[in-house]
Amino acid sequence: MSVTASNLDQSIAGDIVEICGYWRTMSSRSFRVGRSVTGLGLFAIKPIKRGAYIATYRGRRITTEEADRRAARGASYMFEVNKRWTIDGSPRWNAAR
């Protein structure tokens with residue numbers, strides 16, 4: 001079986017839906033997986049209701065100072081929670097990254 005970009009995108013979208021439980025909050029898919037400048041991403045294809053659960057950004061909580069050091073070395077997927085804490089979302093199991 002050959003894997004095309006479309007099949008890969010659909011497979012990833014399926015994994016994301018299953019992992020984050022998004023399918024329970026919406027009757028039909030409201031997003032698509034597509035490519036952006038930074039890689040794959042989720043893109044809304046229709047309005048999403050306010051307060052709807054989409055995904056949980058998961059990873060290790062680190063200090064903002066540590067996040068700055070990692071970013072200087074080229075790390076991506078950092079989510080700043082506040083001035084003190086950042087979530088390093090780089091693990092591949094973090095579907096929201």
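Sequential numbering from 1 along the given sequence is applied to the chain's residues. Just so you know, these numbers use all the heavy atoms, side chains as well, and skip hydrogens, waters and symmetry mates.
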### Task
Show your working on side chain to side chain contact (heavy atoms under 4.5 Å, CB included) between E66 and T86 and close with a plain yes or no.
CA-CA 9 Å; E66 177 62 21; T86 298; over 6 Å; no
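Screening residues 71-85 for side-chain hydrogen bond (donor to acceptor under 3.5 Å, both in side chains), with sequence neighbours left out, gives no hits.
Between I87 and V81, the closest side-chain pair of non-hydrogen atoms falls below 4.5 Å. With contacts defined as side-chain heavy-atom distances shorter than 4.5 Å, the pair D88/R70 qualifies.
Distance check, rounded to the nearest 0.5 Å: CZ of R60 to OG of S90 gives 10.5 Å.
Heavy-atom minimum distance, P91 versus G89: CD-C, 3.2 Å.
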